[in-house]
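Treat the numbers as computed from the prediction; the structure is a model and nothing was measured. What's counted below: heavy atoms across the whole structure, side chains too, no hydrogens, waters or symmetry copies.
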Amino acid sequence: DGIVRNCVNRIVLQAINILIYHYNLQLDFQTIEQVTLQEDEEIESGEDEAKLSEILIIRFMNSYIAAMPNEVAKNWLRFSQYFDFIRDFAWSGEAHIRYMFKKDMIAVLMDFFLDKKSPLVGFSSKKNAVGNNFQSPIFDPLIQTLQILIKKAVFRKNGNNPSTLQQSGEVYELSENAKKCLYCTEFYDKAISIGYHQQSVGIIIQHVCQDNEQISRQICTLIMQGLNKINSDDARAAAPYLEAVSYFVSMYDQYVYKRLEWVFGYPQPLSTSKVNNFDNFGCYMHNGIDEQVINYESTLCIEGCTSLTNIILQLSLIHI
């Protein structure tokens, strides 16, 4: 069943791409929507093959995307190929990307992904419940699609200057709805904790956090809280958080050193005991060379959370 859907996806996408490249279509759906009924009949008569092809592709894609909140959500156990098609469509060229930005697909996809936790109230029609307590939907292709689109979006920093992470070529402004979703920490919490396509999540984090101290702090907070909750014997649960950390600390901007202190902490003498009612720091009163004398506290100052360096040191002592 899944193999058949994959094959159909490839055939349909190949047909769409051939038409787009043959006629050099721009997929301007705003122009198509203004076509009158009489003009529509004339176009469908076959005299203008390029215009007819553009209308058919746009109408197909519009109806395909419109099925997401209801029909697709009802079949969430089998919707992986649905999002495979959308991801592959986005990969296919500039006209495809342009169409998806005009359809505000970042907001559409994130609203569907976040479900009841979406910050966009009333954005889409009533959505059917997706997933249950025993199984999570396969959202990896949806996350990959978001990564493709976000790499082509303009993130403004320091007023009007664009971020330096965007790819070359045409770039696109983010809608207000897309910004609301991208700055919603519920998205990152869900994507990281479940472990959806970690590379794509990391790239999204880089684009959203670059030169943005507020969202950087918020995302770092949920990453550190997640790491501190993980049991020492459950290494697999830590993997998506550590992958997110690798992307989070590897971008270079004006907040790079703050991010490093948030994640790894900074060294300070460890208070060990009290003698004559005074705190003693460092090596005083230690009986063994393997005892910890330096602590690495995060500058995030989250109650109940410590830095990644401290977590590693604690785990090393447990497993010695």
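Every ring pair (Phe, Tyr, Trp, His ring centres under 6.0 Å) that Tyr82 has, sequence neighbours left out, goes to Tyr64. With sequence neighbours excluded, no residue satisfies ring pair (Phe, Tyr, Trp, His ring centres under 6.0 Å) with Tyr241. Residues satisfying the salt bridge (Lys or Arg N to Asp or Glu O under 4.0 Å) criterion with Arg10, sequence neighbours excluded, are absent altogether.
With a 4.5 Å cut-off on side-chain heavy atoms, Tyr99 and Glu94 do not count as touching. Contact of the Val201 side chain with the Tyr247 side chain is not registered, since no non-hydrogen atoms from C-beta on lie closer than 4.5 Å. Here the side chains of Lys190 and Phe139 are in contact, with some heavy-atom distance below 4.5 Å. Two residues are said to be in side-chain contact when any heavy atoms from C-beta on lie closer than 4.5 Å; Gln81 and Phe85 fail this criterion.
Note that the CG atom of Leu313 and the CG atom of Asn295 stand 8.5 Å from one another [nearest 0.5 Å].
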For a quick test of your reading: what N or O donor-acceptor pairs under 3.5 Å do the side chains of residues 298-306 make, sequence neighbours left out?
| from | atom 1 | to | atom 2 | distance (Å) |
| --- | --- | --- | --- | --- |
| Ser298 | OG | Trp262 | O | 2.6 |
| Ser298 | OG | Leu300 | N | 3.0 |
| Thr306 | OG1 | Asn310 | ND2 | 2.7 |

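Judged as a salt bridge (charged side-chain N to carboxylate O under 4.0 Å, His left out), the pairs with a partner in residues 249-258 (not counting sequence neighbours) are, in order, Glu213-Lys258, Asp253-Arg259. Residue pairs that meet the salt bridge (charged side-chain N to carboxylate O under 4.0 Å, His left out) test with at least one member in residues 76-86, sequence neighbours left out, are Asp1-Arg78, Asp84-Arg87.
Between Phe83 and the options Trp76, Phe112, Phe89, a ring-ring contact (aromatic ring centres under 6.0 Å, His included) holds for only Phe112.
Using a cut-off of 4.0 Å between Lys/Arg side-chain N and Asp/Glu carboxylate O, Glu170 and Lys152 are scored as not salt-bridged.
No side-chain N or O of Lys229 forms a donor-acceptor pair with one of Gln225 less than 3.5 Å apart.
Here the two rings, on Phe187 and Phe113, have centers that are under 6.0 Å apart.
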Kindly determine whether Ser118 and Glu186 satisfy side chain to side chain donor-acceptor pair (under 3.5 Å), including the steps that lead there. CA-CA 8 Å; Ser118 171; Glu186 297 287 353; over 6 Å; no

Could you go through the side chain to side chain donor-acceptor pair (under 3.5 Å) check for Glu49 and Tyr23 one step at a time? CA-CA 9 Å; Glu49 293 183 354; Tyr23 292 113; 2.8 Å; yes

